[in-house]
Amino acid sequence: MVRSIDKAEKILHGLNSRQRDAVETIDGPVLILAGPGSGKTRVITSRIAYLRHIVGIASFRIAAVTFTNKAAREMKERLSPMLGNDLNSLSVNTFHSFCARILRTEYEHIGINRDFTIYDDADQMSLMKQVLQDINLDPKRFPPRSILSAISGAKSQLIGVSGLSSQSTNYWDEIVARAYERYEEMLISNSAVDFDDLIFKTYLLFRDVPQVARTYQNKFAHLMIDEFQDTNIAQYALAKQVIQETSNICVVGDPDQSIYTWRNADIRNILSFQTDYPSTKIISLEENYRSTQTILDAATSLIKTNTQRVEKDLWTKNGKGNPIIVSETYDEREEAQFVINEIQTLLKSPKNNYNLSDIAVMYRVNAQSRALEESCVRYGMPYQLIGGLKFYQRQEIKDVVAYLRLMINPDDDISLTRIINTPTRGIGQRTLDQVLRMARNKEISIISALRVITSEKHKKEETGLASRPVKALADFLKILDDLTSKKSELNLVDFIDLIMERTGYQRYLMDSANVERRGEERIENIKEFKSTAAEFALLGQQEGLPSFLESVSLISDIDNLKERSEAITLITLHQAKGLEFPVVFIVGMEEGLLPHIRSIDSGDPSELEEERRLCYVGITRAKEQLYLLRAFRRGFRGGSEPSVPSRFLVDIPPSLISPETLTSENRKVTRNSEQKTSLRNRLTSTSTKSSPYSSGNVKKEVTSQVLFQVGDKVNHDIFGKGMVVSVKPSREDSEITVAFDGAGIKRLLQSLAPLNKSE
DNA sequence: CGAGAATAGTTTTTT
DNA sequence: ACTATTCTCG
């Protein structure tokens, strides 16, 4: 008894009274409204430890659901010292992986293959194009993107094909309903599901197969949901099903941080929760432990401008801190230089003792990262870029993934069409069309169609294919069959190597490296891909590949963020949610960018309010120092246009802003010339010598400080020994031409090529 | 059939 | 600016 009180004290130690309340209220529905920096994650993890150690709930009966793998991983890390081995049986997952796991266990009940493939956006797009072709719709009149987003909207509101077609009131709805129907048929025949299906199908499973639902309802005694403001209708409905037995459901969220309604997140869930569970205990966490008073005041002033809002009073015991620095530069290049320059000054100053990892630069759209990246490279500032062109969406990675998917799901026509002629093997559009036609007529998968066509009994009159293409198809089929037969003999990494070799993909990449600059990078990416695969190889030949593929499908870029890396972080405002940094720069504080033009054009005030919340999220990431920057001109799509300061700047009281950076007329007009020249002087006086840098997505040993000269003997990781024949410096890099002893003459980019001086 | 050129369309945010 | 698709020629 005494011991458990000790334990309880230990778990509750350091929590404020409301946090304690949130941890100790374990029976029945709880809604925690958690302001930014209010110790939300600490509450959730303490609550789990409390449930396990004080209440004595078996860990396998506790489930916590998050939105990103990163949040799930962090939660587990924090729980690890408190739970030890219990951690393994605890269920801490993203919504999507939680569902994927259930579906792979219960696949028989929903008539789906155990090894179903999870289609990502690009796969969905290919499939939809196929759908439109099938049902004779012009993709120019009916953009596949729009149709997909309508379908996604339907699925996240639990509306199936019949539901949608019965609801359609106009031509467009009718078109969507028809596309939806065919889309679903094709997903099934491909043994595939999309992201929304993971939730929707799990919901349907529980609704329609009560004995399965009961299994999970009896299993889970407690359910916690993080970032509840981001849930959609389907996710909330599923959560209710799961916890039906006990109603011990605890949701944590902040309506002011709802920034995903465009992705069907439905803030009404917070209201529904209180009506669905009338006995809900509401706990509001309002003490902020993260930011200075100044930053918090700025955030509060900004968010108060929103009308659709529940009042919440944030406060902090932290001191006033530094004023916010608001500045204006000429264009995005100067903006980026200002950022770098300021960071260099911050790092030099001994009083803060900042590290690179303490600093983040945030922006509205990914395209803005470009100017920042260029400046980082130029000034030798190490950075990690989150998002952008995502690793698993790169062409070469998707190609290899397509081959791997086919090894366990040969019905996946989308993957098959992706690689049937990559690298080129004489199967052109005409041939492919014939194959597709046959597959459709016979209602069989493409691979089955290939078997028919290439079988000896098959008469060519049926398809009208000449002998050469048939031979090409037969060769391709043989490659796939050979590889499939080897999959259980080799470990995952060796298997990937075999695929690379047997399909000619390795050769293809090498050749592309000769002509294209990106070829080098592609080879590097495959290396990186294999090193991730290596972790899954440990699971053995049976489980390794499926687990790897699932993780590839469900991973997001934010999951790769490294907390302690020696680099500044470049990140979108959306992805920054849940993170914190001592120093935050928000760039592009301009009308049309933040708020984004689309929210302005929509004429919908709630879209503007979402933009304001996005800005609020950004500001509240900062612990000590906040910069709000804007450019007078901003370039886009080649051109460049003058811009107007963001309306959000006006929401911030001038008293919180550093006077020396405050521009005249409450920042509405450009700075006076004196300030402008002093800024320019500061920018141009910065050193321009280059030094090592890194980008988060592709790890590479950087050799950029090594200077190559014509005549140097060099060694390349892939091409071997050679001699430099020309050096052509470009803006931030050098193009080096090397005559290799074995591999001929290659043009390489210094920053990318694994090239060293050999003596 | 395949490769490169010309052209059209496109971008907010992403599990 | 960047990509995806269509066109054209060997």
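Reminder, nothing fancy here: chain letters follow the sequence lines and each chain counts from 1. Quantities reported herein were computed from a predicted structural model and do not represent experimental measurements.
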Self-check item: A:Asp399 and A:Thr422: side chain donor to acceptor below 3.5 Å
Solution: no
Practice problem: In whole angstrom, give the distance that lies between atom CE of A:Met125 and atom P of B:dT11. | Solution: 7 Å
Quiz item: A:Lys140 side chain: which of B:dG9, B:dT13, B:dT15 is closest?
Solution: B:dG9
Self-check item: Sole candidate of A:Glu609, A:Glu590, A:Glu591 that passes salt bridge (Lys or Arg N to Asp or Glu O under 4.0 Å) when paired with A:Arg647
Solution: A:Glu591
Quiz item: Taking atom C1' of B:dT15 as reference, at what distance in whole Å does atom OH of A:Tyr119 sit?
Solution: 19 Å
Exercise. For B:dT11 and C:dT6, measure between their C1' atoms and round to the nearest Å.
Key: 22 Å
Quiz item: Can we call the ring centroids of A:Phe273 and A:Phe228 under 6.0 Å apart?
Solution: yes
Exercise. May I ask you to evaluate whether A:Ser97 reaches the phosphate of B:dT15, defined as a side-chain N or O under 4.0 Å from OP1 or OP2?
Key: no
Practice problem: Decide whether A:Asn525 and A:Glu396 meet the rule of one side-chain donor and one side-chain acceptor closer than 3.5 Å. | Solution: yes
Quiz prompt | Between P of B:dT13 and CG of A:Leu593, the distance in whole Å | solution = 11 Å
Self-check item: A:Asp266 side chain to A:Tyr236 side chain, donor-acceptor N/O pair below 3.5 angstrom
Solution: no
Self-check item: A:Asn69 CG - B:dT15 P separation (whole Å)
Solution: 9 Å
Exercise. Would you mind reading off the distance between A:Leu573 atom CG and B:dT13 atom P, rounded to a whole angstrom?
Key: 11 Å
N/O-N/O pairs, protein side and nucleotides 1-6 of chain B side, under 3.5 Å:
unit_1: B:dC1; atom_1: OP1; unit_2: A:Thr431; atom_2: OG1; d: 2.3
unit_1: B:dC1; atom_1: OP2; unit_2: A:Arg430; atom_2: N; d: 3.4
unit_1: B:dG2; atom_1: OP1; unit_2: A:Gly426; atom_2: N; d: 2.6
unit_1: B:dG2; atom_1: OP2; unit_2: A:Asn421; atom_2: ND2; d: 3.3
unit_1: B:dG2; atom_1: OP2; unit_2: A:Gly428; atom_2: N; d: 3.4

Quiz item: Does A:Phe67 stack onto the base of B:dT15, taking stacking as ring centres under 5.5 Å apart and planes under 30° apart?
Solution: no
Self-check item: Any side-chain donor near an acceptor of the partner, A:Tyr383 and A:Glu373, under 3.5 Å
Solution: yes
Quiz item: Taking CD from A:Gln368 and P from C:dA1, how many angstroms apart are they, rounded to a whole number?
Solution: 17 Å
Quiz item: Distance check: side-chain N/O of A:Asn366 vs OP1/OP2 of B:dT14, anything under 4.0 Å?
Solution: yes
Quiz item: Taking atom P of B:dT11 as reference, at what distance in whole Å does atom CG of A:Leu148 sit?
Solution: 12 Å
Practice problem: Compare the minimum distances between each of B:dT15, B:dT11, C:dA4 and the side chain of A:Arg145, then state the nucleotide with the smallest one. | Solution: B:dT11
Quiz item: According to the interplanar angle, ranging from 0 to 90°, do the rings of A:Trp262 and A:His574 count as parallel (below 30°), tilted (30 to 60°) or perpendicular (above 60°)?
Solution: perpendicular
Quiz item: DNA chain B: A:Thr66 or A:Glu607, which has the more 5' nearest nucleotide?
Solution: A:Glu607
Practice problem: Can you figure out which of B:dT13, B:dT15, C:dA4 approaches the side chain of A:Lys129 most closely? | Solution: C:dA4
Quiz item: From the list B:dT11, B:dT15, B:dT13, which nucleotide is the closest neighbour of the side chain of A:Arg598?
Solution: B:dT11
Quiz item: Can you check the A:Arg370 CZ to C:dT3 C1' distance for me, whole Å?
Solution: 13 Å
